[in-house]
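First the proteins, then the strands, lettered A, B, ... as listed; each starts at 1.
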Protein chains: 2
Amino acid sequence: MTKPVSAASLGQTSSLHHLFALPPGRALDICLKLQSAILEHKLAPGLKLAEDEVGEIYGASRTVVRAALQALAHSGLVSIEKNRGAFIAKPTIREAHEVFQARALIEPAVARLAAEAITDDQVEGLRAHLDAEHAALDAGDMGKALLLSGGFHIEIADIADHKVFARMVRAMISRSSLIIALYWKRSDTACESHSHHALMTAFANRDADAAESIQKSHIIDLHSGLDLREKQTHGSSLSDALKGK
Amino acid sequence: MTKPVSAASLGQTSSLHHLFALPPGRALDICLKLQSAILEHKLAPGLKLAEDEVGEIYGASRTVVRAALQALAHSGLVSIEKNRGAFIAKPTIREAHEVFQARALIEPAVARLAAEAITDDQVEGLRAHLDAEHAALDAGDMGKALLLSGGFHIEIADIADHKVFARMVRAMISRSSLIIALYWKRSDTACESHSHHALMTAFANRDADAAESIQKSHIIDLHSGLDLREKQTHGSSLSDALKGK
DNA sequence: CAATTCAAGATCGTATACAATTTTTAGCCA
DNA sequence: TGGCTAAAAATTGTATACGATCTTGAATTG
């Protein structure tokens, strides 16, 4: 008997305070659309985002597209190389470790704040979010499930009502999505939803200690779900390996 | 018997890994120059940065200036209002609390990492930095002293060799500079240099526990050095107060 | 005189054109 | 064939022009 949560409303709440310091306008629209596409793993790390191509797709001039790409670069989702253009970012193994170390420090503290501040309505909101996660998992829609899974962490940061932390969490979740696209190894993604359920319970009980410690375990668990071993460059040929291609 | 530290070299180390996701070029140059000016309190919060004006000063077209201003906006130093332009950011009292809460969480952890990783050369570098801070204080150059004081925290983050944390610290130090410009109340800034000296000693001894706890106390102390009471709007007239002007 | 209206000026938002640089491709030679 | 060179194509970097929006200040009106 839980209210269904439309994808649209979830999208809204996620973007209500977004990462980008752009005024409302077309550049921001393009930014948000590209961000969604990246977070849903519709655009793979390393992919080139040519200005003309993006402009063609969204019907905007290069001026606007450039502003959007630069905003995405500042958020860490895209990297811009001088005279070469913009590419979906490819976090290194080292960066992956760093991001999850940072999450393990910050998000538990945020979870504590959230548990101390959460309202009944917000508990219901989280519950609905969890249901949507389950639904996406059951439907086998991994892209959406991943987006929602990240959204859960962002919603917690919003509940904590701490704009500085919320901004950091958004940035880290974004980068985590890229990291997962590159390095995820674990087969069972169900366990993740389990952690979120345990968090929910802690929030419902206003148990700040539990929320903090569950969140910390959860993030350490996510970290350990990555395959972050340095791979031997076993390219198809020696020249490929040496070119770093 | 300590090597003098030139302002130039300090500037270099601070900008070697900067906050901005811009490729090398004129936009980045303008960004860094504006950043220095803001951090030295040469440009006051709320000041308007008109595109033509900035372009005139640095000899660049609006295209380039806009990219620089947007980068500064993403770093939190500038806020852009649609159809109105860019202004030096004016953090609210609430944001000030949040920034120092975040610093109190993150920087002690960073100090611990730094203490575990620091090399002898880096200890010397910090010592030289401290000397420069003292020199600026003795010379009564508050702008420079403040810049160096922030630079000390950034150098620690660089020593910790953790890019994700270092980026966060840079962003927080930048915003702290604006916050201090707006809300600093304490008369004796000498105590600050004292805290930095205590940190130095902990680093020299590779005492991670001490570094972490001293850094935490230091940041809490800085936080308490701000006057963050909500002021009554005692404008010159009722209409001024109600207009929020 | 205060408040309002409206036009002139200033400033920002965006498209487009051209220059600089990179990437691709074709040609050449060993 | 493989590798080098150079011209052509494609892409990004930047300046500028024009339309849209905001700001300013003078004229108008109650």
*Asks:* Partners of S75(A) by side-chain hydrogen bond (donor to acceptor under 3.5 Å, both in side chains), sequence neighbours excluded?
*Replies:*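 Counting only residues at least two positions away or on another chain, S75(A) forms no side-chain hydrogen bond (donor to acceptor under 3.5 Å, both in side chains).
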
*Asks:* H97(B): which residues meet the side-chain hydrogen bond (donor to acceptor under 3.5 Å, both in side chains) condition with it, sequence neighbours left out?
*Replies:*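 Listed in chain order: H223(B).
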
*Asks:* Name every donor-acceptor pair, under 3.5 Å, that has one atom in a side chain of residues 98-105 of chain A and the other anywhere in the protein, sequence neighbours excluded.
*Replies:*
from: E98(A); atom 1: OE1; to: K163(B); atom 2: N; distance (Å): 2.9
from: E98(A); atom 1: OE1; to: V164(B); atom 2: N; distance (Å): 3.0
from: E98(A); atom 1: OE2; to: R94(A); atom 2: NE; distance (Å): 3.4
from: E98(A); atom 1: OE2; to: K163(B); atom 2: N; distance (Å): 3.2
from: R103(A); atom 1: NE; to: E107(A); atom 2: OE2; distance (Å): 2.5
from: R103(A); atom 1: NH1; to: S176(A); atom 2: OG; distance (Å): 2.8
from: R103(A); atom 1: NH2; to: E107(A); atom 2: OE2; distance (Å): 3.1
from: R103(A); atom 1: NH2; to: H153(A); atom 2: ND1; distance (Å): 3.2

*Asks:* For K33(B), check salt bridge (Lys or Arg N to Asp or Glu O under 4.0 Å) against everything at least two apart and list the hits.
*Replies:*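 Testing K33(B) for salt bridge (Lys or Arg N to Asp or Glu O under 4.0 Å), a comparison that skips the adjacent residues, returns none.
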
*Asks:* Can you check the E53(A) CD to dA10(D) C1' distance for me, whole Å?
*Replies:*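 Taking CD of E53(A) and C1' of dA10(D), I get 13 Å after rounding.
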
*Asks:* Using chain A heavy atoms and a threshold of under 4.0 Å, write down where along DNA chain C the contacts begin and end, 5' to 3'.
*Replies:*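 Both ends considered, the range comes out as dT14(C) to dT23(C).
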
*Asks:* Enumerate the residues from residues 61-87 of chain B whose closest heavy atom to DNA chain D is under 4.0 Å, giving them by residue number; use none for an empty result.
*Replies:*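 Output list: S61(B), R62(B), T63(B), V64(B), N83(B), R84(B).
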
*Asks:* Side chains of L39(B) and L146(B): does their closest heavy-atom pair fall under 4.5 Å?
*Replies:*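 Not in contact.
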
*Asks:* Return the set of residues passing salt bridge (Lys or Arg N to Asp or Glu O under 4.0 Å) with E95(B) (not counting sequence neighbours), or none when no residue passes.
*Replies:*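 By the salt bridge (Lys or Arg N to Asp or Glu O under 4.0 Å) rule, E95(B) matches R175(B).
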
*Asks:* Take the protein atom CG of D52(A) and the nucleotide atom P of dA9(D), then report the distance between them rounded to whole Å.
*Replies:*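 So the two atoms are 17 Å apart, to the nearest Å.
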
*Asks:* Give every donor-acceptor pair under 3.5 Å between a side-chain atom in residues 20-31 of chain B and any protein atom, sequence neighbours left out.
*Replies:*
none

*Asks:* For S177(A), check side-chain hydrogen bond (donor to acceptor under 3.5 Å, both in side chains) against everything at least two apart and list the hits.
*Replies:*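 Applying side-chain hydrogen bond (donor to acceptor under 3.5 Å, both in side chains) to S177(A) gives H41(A).
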
*Asks:* Any ring-ring contact (aromatic ring centres under 6.0 Å, His included) involving residues 46-65 of chain A? Give me the pairs, sequence neighbours left out, ordered by first then second residue.
*Replies:*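 Counting only pairs at least two positions apart or across chains, no ring-ring contact (aromatic ring centres under 6.0 Å, His included) contact touches residues 46-65 of chain A.
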
*Asks:* Test of understanding: with side-chain hydrogen bond (donor to acceptor under 3.5 Å, both in side chains), list the residues that count as partners of Q122(A), not counting sequence neighbours.
*Replies:*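 Scan of Q122(A) (side-chain hydrogen bond (donor to acceptor under 3.5 Å, both in side chains), adjacent residues dropped) gives T119(A).
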
*Asks:* Need the bend value for the helix from dC1(C)-dG30(D) to dA30(C)-dT1(D): angle between end axes, 5 pairs each end, nearest 10°.
*Replies:*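 Helix axis angle between the two ends: 10°.
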
*Asks:* Nearest whole angstrom, please: distance from the C1' of dT11(D) to the NZ of K48(A).
*Replies:*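 Nearest whole value for this atom pair: 6 Å.
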
